[in-house]
Each structure stands twice: as structure tokens, then as C-alpha cells.
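Step one of this worksheet: look at the structure below.
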Amino acid sequence: MNKNIALITGVTGQDGSYLSEFLLAKGYEVHGIIRRSSVDYRERIAHLEGQPNFHLHYADMTDSMSLVKLVGKVQPTEIYNLAAQSHVQVSFDAPEFTADVDATGVLRVLEAVRTNHLEKTCRIYQASTSELYGKVEEVPQNEKTPFHPYSPYAVAKLYGFWIIKEYREAYDMFCCSGILFNHESERRGETFVTRKITLAAARIAAGLQDCLYLGNLDSLRDWGYAKDYVECMWLILQHETPEDFVIATGVQHSVREFTDLAFRYAGIKLEFKGEGLHETGVCVDGSAELIGKTLVRVSEDFYRPTDVVNLWGDPTKAKAELGWNPQSTSFEDLVRIMVTHDMAKVKADKVAGEVRTNLAEYLEKGIVK
Ligand code: NAP
Ligand code: G4F
């Protein structure tokens, strides 16, 4: 039997780390792309390094030659293209880089496969996104809902989606998109809203942070658990025919609801008052030092020039054709898992007396978005 060989771009990211674990457990030989950095970004995969079936290689999505050489060397049977400048707000500040990685990068991967004559033997998964629906034209969104991208990130991802479809039709390649709605975890980057909230709730409960500054509290998302979603990436590539799938829970919540629940799991009950920029979250129950204090405020710094505010996915096709269960981790469980993790992390950092880069403080002051 031929060996399953996976090449993962974005292996150091949230999804790349879970997908690596998932594929290794299935007996795959897993190869991941890393880029040189002056600081260590391998925290999420450190526990996998040294495993005989896990290999890392230097390459970059902006460097076609590095991709052509690597695909030729690894001879993958499956490629999971997860690498991206994945932060929507950052894409307004760095639109050209975002397009280079998230749009042209996809083309480079496809051409690397063709250059190495692997188009009939290598299946390709593209990390597409619910951001494609953007200024939504239908609620909830499914595979037939028209796209209306609403940020430089989403416009770049739209190119990725269409070039994958084009190569499927033009060259009969097995390449498909998973249109994934937001998925989070204890490994989520600290500047995405969920992780920013769970870390802040933990830090505030521990007396290490005074206040959490957020942007649009009304924004609605369909949040799932990243660990559940990587299974779908694999299922999409095992499907008989190359097709695109919406992956979502089918349940929607606001940023305010996420915040309220996260603080509750950290032992703090909030009451929200006021509107827009004047809205605040005040502690009405919890430890004596916190009661009556304003722990959540809104800052214009976290508003976006155009914001996607109503994402809600319809996973009917994935459920029926992939046999995937969209509700294996509930919203409540997701928030609890993240808060429990971050409370333990904050406690450990505190006990160790670790002088950690104070990202939370930078976030609070609006220096980092
Ligand atoms: P993430 O944590 O931000 O990881 C992004 C990965 O891309 C990192 O490994 C990063 O490497 C790598 N990368 C960025 N630029 C690169 C370059 N020029 N060359 C090589 N690698 C590069 O993202 P994620 O949450 O795991 O998401 C994975 C993919 O799914 C992304 O394409 C994202 O756009 C898409 N997506 C995510 C969600 C979600 O809710 N998480 C939903 C829909 C779609 P470094 O570690 O070196 O920065
Ligand atoms: O957590 P977010 O930054 O995620 P966003 O923009 O939905 O993008 C994530 O999910 C996409 C899938 O739909 C992926 F394609 C993408 O790569 C990324 O993983 O923001 C969620 C919402 C937004 O409406 C934002 O305006 O939360 C709102 N928000 C409110 N306050 C905030 C904040 N977002 C961030 N990052 N920080 C805030 O303080």
C-alpha cells in the first residue's frame, strides 16, 4: 500500500498544529513548512518535533522556488494549504502582503504541484473562509450563498477559492475548499477576539489586568472548536469527488455573549450598560475587589473600516456527505475549555514569576490590535 504523505503549509498555526496531530495519529508521514523568524514560533508544535514521521522544512508562501523544490522533494499525496496572513484587521494595514500570501500563494502551491507532475496523485485542501460571505447576502450561509468579501483578507481569499476551482476544472485536479467558519481553541492567536477575551478574563480574575478593551460587541459569529474542524479538512480530501464544503456549527453568538460567558467561567458576573463606544461591562458579582469596577470598555481602535457582522453557517452538506458532527463541542464547552486553559496558564506564569512579553497590556493600550 502507498504511504500517505501530507504536506502542511501553516503547520505552526492553530489549525496546522491540530491537523498534524490528527494525521500523525492516522499513520501519515507529515511534512510542514516553517519560515525563519528571529523568535521561536514553534510553540504549538514543539511536542511533535522529534517524532519519526514529523518533518519540518524551510519555505515561504511568497517564494515559488522554495515551494517547487519542496513539493518535488516530499512528493506529497495530500497538501493542506493553511498558510495565511490570517488576521482580518491586519489585512487593512498590510493588504499587499496579505494578497501575496493568501491569494498568489495558493497559485504558487498549485503550480508547484503541476511543475512536479503530481496533479493526478496529489489532492489539495485550501483553507477558505466564511469571510468570503462578508457583507452577507443571506443568513445562514451555505455553499450556494453568493460571496461579498468585505476586507483585503477576504478579497485575497476569494482569489484563492476561485483559483482552486479553476485548476479543478481546467486540469482535472483534486483540489477543494473548506469554507470554514470561525474556529477557536486554547491555541488560538492572542489577538483574535475569543482568545483576547479568555486571556483577559483570566488575567483580570488574577489581578494582573484592570480592563479589557474591545471593538464591535454586536458582531455575530458561528464559533466552533478547531480540534473538531481539522477532521473535516481530512474528510474533504477523502471524499469521492472534489467538492467545496461549508464547515460550521450552525449556532450563532455575539462578541458580547462570548465575553459575558468567559468572565462567568472566570468567576466574574458582568452587567453591560450603555451603547456603542460608551458601552461598558461592570462587575456585579465576583471577588470583593472587583465588584463595581468597569472591566470591559469599547475602543474605536478595534473597529474595522468594514466589519463582517453576521456570520452563521449551515453545515447540512458536511453533515450529510462527510458524516461530520457539527455539534460535538458546544459553544459553552468551547468557552469553558479556553477559560480553564488560560486561568491555568496565568496561574503558572504567575507562580513561575515569568516576565512574559506583556501582550495583554499592549492590547489594552491599543498598541497592538
Ligand atoms: P494562524 O494560526 O494565523 O496560522 C497561520 C499560519 O500561516 C502560520 O503557521 C504562519 O506561520 C503561516 N504563514 C503565514 N505567512 C506565511 C508565509 N509567507 N509563508 C509560510 N507560512 C506562512 O491561522 P489558523 O487560525 O490556524 O488558520 C489556518 C488557515 O485557515 C488560514 O489560512 C486562515 O486564513 C484559514 N481560516 C481560519 C479560520 C479560523 O477561524 N481559524 C476560519 C476560516 C479560515 P508563522 O507561525 O511563521 O507566522
Ligand atoms: O476574532 P476576529 O479577529 O476574527 P475574524 O475577523 O472573524 O476572522 C477570523 O475568522 C475568519 C473566519 O470567519 C478567518 F477567516 C480569519 O482568518 C480569522 O481566523 O474578529 C471577530 C469579530 C469581528 O467582527 C471583530 O470586529 O470580533 C470583532 N471584535 C470586537 N472586538 C474584535 C475585537 N476582534 C478582534 N480581533 N479584537 C477585538 O478587540
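First listed ligand is number 1; within each ligand, the first listed atom is number 1.
- Neither side chain, Asn53 nor Glu29, offers a donor N or O lying under 3.5 Å from an acceptor on the other.
- Remark: ligand 1 and Asn182 share no N or O pair separated by less than 3.5 Å (distance only, no angle test).
- Of all atoms in ligand 1, numbered sequentially from 1 with element shown, those under 4.0 Å from a heavy atom of Gly13 are 2 (O), 4 (O), 8 (C), 9 (O), 26 (O).
- The residues Arg168 and Asp172 are annotated as not salt-bridged, no charged nitrogen and carboxylate oxygen being separated by less than 4.0 angstrom.
- The backbone of Thr191, and not its side chain, has at least one atom closer than 4.0 Å to an atom of ligand 2 (non-hydrogen atoms only; backbone = N, CA, C, O).
- Of the N or O atoms in Val193, one or more lie within a sub-3.5 Å distance of an N or O in ligand 2.
- Of the candidates Glu186, Glu184, Glu190, Arg188 forms a salt bridge (Lys or Arg N to Asp or Glu O under 4.0 Å) with just one, namely Glu184.
- Nearest-heavy-atom check against atom 26 (O) of ligand 2 across Leu214, Asp307, Asn216 picks out Asp307.
- At least one N or O atom of Lys157 sits closer than 3.5 Å to an N or O atom of ligand 1.
- Checking only distances, Thr129 never comes within under 3.5 Å of ligand 1, N or O to N or O.
- Side-chain contact, Tyr28 with Glu78: a donor N or O sits under 3.5 Å from an acceptor N or O.
- Polar contact check, Gln14 against ligand 1: a nitrogen or oxygen pair lies under 3.5 Å apart.
- At under 3.5 Å, not a single nitrogen or oxygen of Gly16, backbone or side chain, sits near a nitrogen or oxygen of ligand 1.
- Not counting sequence neighbours, the partners of Phe331 by the ring pair (Phe, Tyr, Trp, His ring centres under 6.0 Å) test are His253, Phe258.
- In this structure, Phe302 has its ring center at least 6.0 angstrom away from the ring center of Tyr213.
- Residue Val101 touches ligand 1 through its side chain alone, judged by heavy-atom distances below 4.0 Å.
- Considering only non-hydrogen atoms, atom 4 (O) of ligand 2 lies nearest to Asn182 out of Val90, Thr306, Asn182, Val88.
- Checked by distance only, ligand 1 and Ser86 come closer than 3.5 Å through their nitrogen or oxygen atoms.
- For ligand 1, the atoms sitting less than 4.0 Å from at least one non-hydrogen atom of Ser128 are 43 (C), 44 (C), numbered in the order shown with element in parentheses.
- A donor-acceptor contact under 3.5 angstrom links the side chains of Ser177 and Ser128, judged on distance only.
- With ligand atoms numbered from 1 in the order given, ligand 2 contributes 11 (C), 12 (C), 13 (O), 14 (C), 15 (F) to contacts under 4.0 Å with heavy atoms of Thr129.
- Counting heavy atoms only, Tyr153 comes closest to atom 36 (N) of ligand 1 of the residues Tyr229, Tyr153, Tyr18.
- In terms of polar-atom proximity, Leu82 is counted as a contact of ligand 1, with an N or O under 3.5 Å from an N or O of the ligand.
- Neither the backbone nor the side chain of Glu131 has any atom closer than 4.0 Å to an atom of ligand 1 (non-hydrogen atoms only).
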Take Tyr229 and Phe181, measure what ring-ring contact (aromatic ring centres under 6.0 Å, His included) needs, and give me the verdict at the end. CA-CA 9 Å; Tyr229 281 41; Phe181 281 63; 8.9 Å; no
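- Contact atoms of ligand 1 toward Arg188: 25 (O), 39 (C), 40 (O), 41 (N) (distance under 4.0 Å to a heavy atom of the residue).
- The main-chain N or O of Asp60 is never found under 3.5 Å from a side-chain atom of Arg35 such that the two would form a donor-acceptor pair.
- Here the shortest heavy-atom distance to atom 2 (P) of ligand 2, taken over His183, Arg304, Arg195, Gln14, belongs to Arg304.
- The proximity of Ser219 to ligand 2, defined as any non-hydrogen pair under 4.0 Å, is limited to the side chain.
- In Arg35, the part holding a heavy atom less than 4.0 Å from any atom of ligand 1 is the side chain.
- Here is the list of ligand 1 atoms found below 4.0 Å of a heavy atom in Ala127: 29 (C), 30 (O), 32 (O), 35 (C).
- Neither the backbone nor the side chain of Ala226 has a heavy atom within less than 4.0 Å of ligand 1.
- The shortest N or O to N or O distance between Phe192 and ligand 2 is not under 3.5 Å.
- Ring-plane geometry between His55 and His57 is classed as tilted, the angle between the planes lying from 30 to 60 degrees on a 0 to 90 degree scale.
- Under a 4.0 Å criterion applied to the non-hydrogen atoms of Leu180, ligand 1 contributes the atoms 42 (C), 43 (C).
- Looking at Lys196 next to ligand 2, an N or O pair under 3.5 Å apart turns up.
- Under a 3.5 Å cut-off, the side chain of Thr129 and the backbone N or O of Leu132 do not form any donor-acceptor pair.
- Counting heavy atoms from C-beta on, the side chains of His183 and Gln14 come closer than 4.5 Å.
- Residues His117 and Glu119 have side chains that never bring a donor and an acceptor to within less than 3.5 angstrom of each other.
- Taking distance alone, with nitrogen or oxygen atoms compared against 3.5 Å, Met61 approaches ligand 1 more closely than that limit.
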